Each structure stands twice: as structure tokens, then as C-alpha cells.
Amino acid sequence: MKLFVRILFATIVTIFWSDRLYADDIIAVETENTGLYLINDNGILKQLYYGDKVQDKNEFSLMKNMSLEVYPFYGTGNFNENAAQIIHSDGNITSSVKYVSHYVESFGDYDKTSILLKDQYYSLEVGITFTAYKSSDVITMSVTVVNNESGPVQLGRLMSGSLNLRGDRFYLCRLYGTQGYEANFIEEEILQGTKVIESNRGVRNTHFDNPSFMISMDNKATENSGRVYGGLLCWTGNFRMSYQKDCLGNCFVASGSSDFAGNYIVAQGMSYTTPLFAMTYSGQGKGPASRNIHEWARTCVIREPDRVRPIVLNSWEGVGMNFTERQIEQMIKKSADLGVEVFVLDDGWFGNEYPRNDESQGLGDWQCNKKKLPGGLSNLISVAKENGIGFGIWVEPEMVNVNSMLAQEHPSWIVSTDKRDPLLCLSRMKSQQLLDLTNNEVKDFVFSVVDSILTLNPGISYVKWDANRYAPDHGISSGDTRSQNNFWVDYVNGLYDVLDRLQNKYPSVFFQACASGGGRMDYGLLKYCHEAWISDNTDALSRVYMQWGLSHFFPAYVMAAHVSATPNHTTNREIPLKMRLDVAMSARFGIELDPLHLSESEDDCIKKGISEYKKIREVVQFGDLYRLASPYDGCSQIMYVDKAKERAVVFAYVTEPLPYEKYNVVRFEGLDPESKYSLVEINKDIFCSREISASLGKVYSGDFLMKNGIRLNLNRQYQSAVIELKKIN
Ligand code: GLA
């Protein structure tokens, strides 16, 4: 009896204490407006809540039993998606990783919370780091595994981030597409089961799916209402994003580099850290979620975030690889005359034994083609300089053509699979292969390609870094098991190493990331590149949709948007120059045509467009974005407002034919309700005398503009307008 009473007492005490949580047990990762709250529940790290910051975190004290493990490892009895699976040095495939300790460090605008977990049996440590960026309301997460076991461990899976969401319904917004049709925005309900979005193409990852999402809870969110979680992975390689919904109201979200075709092997005594996963929460819809991400990217990721992006003319769509020195000189002069700030010479300028006259040869031989450009790059740079503009150059240094001196001299540098024929398939991939950036010698070579070009030609101010091949050949023929397995991750880290070295050596040279169009629109690369090429499809209507989709995750100034010739070379569609200009002006404006073939009136329009863009570009490039109306509803409207709320620009494009008498209402956002603003149409259509709104040229209060708005007389497909708002003092 005595024993029974003692056991009963002990049990009551245990239950009492284990259900009493104190503030110290709760790990609070807080930004200015949001909070992610975790708890150490007997060694299990659980997520209590993520959303608007709570006033008193002690009120979570009765919730731990209702909470789920935030980062489950395989081996703990979890039959659902796991965030990690580790194959230990002795072959054991289960883990029992428990909380040990955590600490918080503060660094001005951000706090870093480092949580240490350990396997209960094996000498394996896991560090989870959360960094809370206070003013942008973004929290990043990454995971480190330290292997102190007696041999190598394999990472069957090691996600960068995971989240437990609770709700009745979950709506997933994401981007999908293909080359020339990138960044379509889709919204779909996540139904019971597991939905996986992934890329297994190796070295470029965003043509088909982008490693980013927004999830709205319970109902589809609008721009201004609804609870929305945004997430993205800063990674240029294979990725996996899974969304697992059960019937109990849980949705487990996990994001990380993919575990496809190979387990990453961590040698004894070594560690491995995942790429960053960034997340944000907004209780007021998708608009604030995007602005949070933009703000964070602008302050913490993107290269030279405060630098005004230049106006570029790129030669690709104008002349391709078929040009003469004289022609390029004339194009440079004409570009300067139009107001362009940097002329970029695209593909076709290199290779002598194997001249780069078409895509089948020359890659790897980065010497200027003496026949096409007898004066060398230095002559063109001088012409650009004399005309007061910068000069940029296209490179694709990760790749090699089978027909090149490089391929003959260094066959072992090429990624290929032992005992398999090279997979030379799909357009350019028929003749070009990938260099092995997991090999230090190759990394040095790739670095030296760009280093030599920039050292020998100090006037080059812009580099377009292209990559026109995936990695279908799995692994490295000469490599051991470890290097074969680690290839996918080590390649991308090798690329980052090279770009980092170049960034340190040439801090003021501007870099664009490109991969057959928009194959590298990701925050892994934007740390090293100022911007990315969105797509080889430069059709203005297609671009309205692409720029709309991308704007959910990327600020306007990383999207290179160029005015090209009509009919468009991809879609064959004819779109008025006015709309082509207006669409490019809403992002990082540029031109992609042969300026020597412009008519007088086109010349005039482009000159005017460029000079207007120069006046508004700081608002577009650094302002806050408001998506006012979706292109999927017939008339797209987006708006940028500068931080001081003194200037704003609205872009409106009719994407579909609308009823003739329909007026499109623009209901502005982000203005100061107390201030007065003047409204002026800029970049006016010189071919059309029509008034697009009776409100233009007048002054209204921010309050009125945001509540009532103005009406625009735009209803024909491809009509567009740009309206500038200025605060009146
Ligand atoms: C890729 C790029 C284009 C152009 C060509 C040159 O397709 O996306 O912009 O640079 O390569 O070969």
C-alpha cells in the first residue's frame, strides 16, 4: 500500500511539473511583429506556434502536448515526413536526437538562436540556427551536422527548414513553368497526402519550379487579408519542398536541398551545414509577406543592394553570334545616343580554332575571336568609354563544348559518368558539357577565365554569367563513392566559391545570373549577382505574368526586363512599343534588339522611355511594391512607393480584351492619407492622343486615392499606362 501511495505521489508530481512550463523552457524567436515559439519537451524540440507575436509567451504553458516536433528525424516513430534521416557510421539508419541546450546572441537588427541537439547514442551533434531579422519580419533557419562518430555518416535527408502549420485548409502559391515560359503563378489547395515540389536538374533550378512558396491558411489570401506564410530556399541546386497534410488539421512543410540520387557523406570529424531557408508571416495577406521578403533580401542577401541598377543594351536578340567589329562599334554608339548606360556583348565573341559562330563549338576557349573582333575587347571598351557608357561581356565559364581546345586538353575536367555515354540531349546540351566544379583545379580554371578577362580588360563593368546545361550525367567518373554522392551539393558550393572569389576581387563589377533565361532565379546566386535574367522570352505580355509571379518573392531591381523587337522572337506576337517600354520600366529596365534597325519614331520613343525611367527608377528599384490588380483578371496594376511616401509610380497593363466601356479603377495603396499627391501620366503614348483618365494633372489626398481611387480609360488588350504620384508640400 505504502509503495502504491509513493508511486501515485511520484506520478502526480511528474505530471504536475512536466505540464508546468516556464518562460525559460520556451525558445522565443521573435521579430518586430512575428514570433516562432519552440519548446524543449523532455528532449523533443517542438514548435508551439508561428505567427503574429504574442504578448505573453508564458500562456503557451499548457500547450506542449498539443504541439509537434519541429524537426523530426527518422527513427523516432514518426511515420510522417521527416526533416532528416541519418545513416550512422555503423549502418544504423535511425536517430534519436534530443535537445541539449540553446543560446541567443543579439546583433543590432537581428538575433541568432543556436540550438544544440545530440544523438543519444552516437557522437553526432546537430545545430539548428534561427536568425530573426527584426525589421523585415523574416526568420531564417539552417541545420548543421557535426560528425564525431568513428567513421563517415550519410545524410539520407537533411532539410534546411521545417514548419508545423495548423488549420482547416491550406492554399499553396508557387511558381512553375519551363524555359521561355517561366514563373507562372499558381494557387492550389493542399489536400490530404504529401505534395512534393522539387528540382533534380543539378546546377540550375528555376525554369520549372522555384524554391519558394506562400501558404494561406483556411481561405485563399488576398493582397491585404488572410494569414500567409512565405518561405524560400537560398539554393541553386537540387531542392525538395514537401507539404504534408493530415486529417487532423496539420500541415508539415519541409524545404531543403534534395536527397535525390545520392546521400551526402560527411567524413569523420567533419561537419555539413544546409543552405538557408527563409520564412515570413503576415496576418494581412500576401502583399506584406512579399514586402517582408523584399526588405530582407535587400538588406541581407542581394549583392550591393543599394546600388542603382544601370540601363543595359544586350546584343543577343539583336545580332546573336553573327556580327562584325564595325557593327558592334556602331551599336555601342547608338546605345549611348539612346541613353543606355552599359552595352553588353553577348555570346559569339570568342574561340579561334573553334570559332563561336554557332552553339556547337567554342565554349571553353575564352580568347577573343580575332577574325570577328580584330581590335579585341579593348577596342570595344574604348569605343564604349569614348561614348560615355560602360561595357559588359557574356560568359559561360562552367561549360565546355565537345568541339573546343579545352575539351581536348582536359577531358578529365568534364562531368561524366563512368561506363556511360555522355548524355548529349536536348538542344544546346547536344554539344555542350559541364565542367566539374567539385574539382579544385577546375574551380581555379573557371575563376581564371573571368579573372583574366577582367584583368586584361579593366574597362569591363558588367558580366552576364550564363549556364545552358543541366546535369543529367550523374557524378564524376574519376571520383570515389563520397565524391559521387556529394557531387550535387559540392558542385553548387564550388560555384559559390568561385563567385565569391570574383566578388572579392572585383567588388564593383556588376554580375547578372542567367541560365537559358530564368534557370537561376534564386537567392543562392543573388548573394553573388546583382540581378537575374528572367527568361529568353522577352514578349511584353508574357513578361507581365512572369514579373507578377516573381514579385511575390523578388524585388523589381533583380529582374532584368528588356524591350525587344516586334514580332517577338519567341512568341511571334506583336505588341506596341509603348507597352513593351512600360513593362520593362517596372523592373530593371534594358533593351535587347539591334538599335541600328530602329525607325525614327521608335528611336524617339525609346529615348523618351529611357529618360523617363531614369527619373523614376529609384522608386521602382528601391520602393515598396503593392500589387493592385492581377494580370490574370484582365488588367494588371502594380505600384511602387518610396520609403518616405513622397513619390510613387503605378504601372497598368491590359492583358486581355475587356468590355469596351469598362473603366479600370486604380485604388492606390501605401500612400500617406494626410498628404496631397499630384498625378501625372508619364511615358505617354506618342501615337495616341486619348486621355487615359480625367484625374490626371490633378491633386488628391492620399486618403481619397486609397479609398476611392481613380478611373483609367484602358480596356483594349496591350494598352498600358504609367502614372507618377508626387507629394505636394
Ligand atoms: C542563353 C541566354 C540568352 C543568351 C544565349 C547566348 O540562352 O539565356 O540570353 O545569352 O544563351 O547563347
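Remember, it's 1-based here, ligands and their atoms both numbered in the order they're listed. Only heavy atoms go into these numbers, but all of them, side chains included; no hydrogens, no water, no symmetry mates. Nothing fancy with the numbering, it's 1 onward along the sequence. These numbers come from a predicted model, not from an experiment.
Ion pairing between a basic and an acidic side chain is recognised when a charged N comes within 4.0 Å of a carboxylate O; Glu182 and Arg204 show no such pairing.
Below 3.5 Å of separation, one finds no N or O of Gln179 facing any N or O of ligand 1. Ligand 1 has an N or O atom lying under 3.5 Å from an N or O atom of Trp394, backbone or side chain. The shortest N/O to N/O separation between Gly517 and ligand 1 falls below 3.5 Å.
The Asp347 neighbourhood of ligand 1 comprises atoms 6 (C), 12 (O), with distances under 4.0 Å to a heavy atom of that residue. Ligand-side atoms of ligand 1 in range of Cys514: 2 (C), 8 (O), range being under 4.0 angstrom from any heavy atom.
Two rings, from Tyr528 and Tyr496, have their centers less than 6.0 Å apart.
Counting protein heavy atoms only, atom 7 (O) of ligand 1 is closest to Asp536 OD2, 2.9 Å. The protein heavy-atom contact nearest to atom 10 (O) of ligand 1 is Asp346 OD1, 2.7 Å. Nearest protein heavy-atom contact of atom 9 (O) of ligand 1 is Lys464 NZ, 2.8 Å. In this structure, atom 5 (C) of ligand 1 lies nearest to the protein heavy atom Trp316 CE2, 3.6 Å.
A donor and an acceptor atom, one from each side chain of Asp451 and Tyr506, are located under 3.5 Å apart.
Using a distance-only test at 3.5 Å, with no hydrogens or angles considered, a donor-acceptor pair links the side chain of Asn205 to the main chain of Gly237. Under the 3.5 Å distance criterion, the side-chain polar atoms of Glu592 are left unmatched by any main-chain donor or acceptor of Ser564. Under a 3.5 Å cut-off, the side chain of Thr178 and the backbone N or O of Tyr181 do not form any donor-acceptor pair.
Contacts of Asn468 with ligand 1, taken as heavy-atom pairs under 4.0 Å, involve the side chain alone. When non-hydrogen atoms are compared, ligand 1 lies under 4.0 Å from neither the backbone nor the side chain of Glu396.
With Arg588 as the fixed residue, the side-chain contact (heavy atoms from CB on, under 4.5 Å) test singles out one of Arg617, His562, His530: His562.
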side-chain contact (heavy atoms from CB on, under 4.5 Å) assessment of Arg174 paired with Ile186: CA-CA 6 Å; Arg174 60 187 179 88; Ile186 189 172; 3.5 Å; yes
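Of the candidates Leu363, Asp466, Asp358, Asp466 brings a heavy atom nearest to atom 2 (C) of ligand 1.
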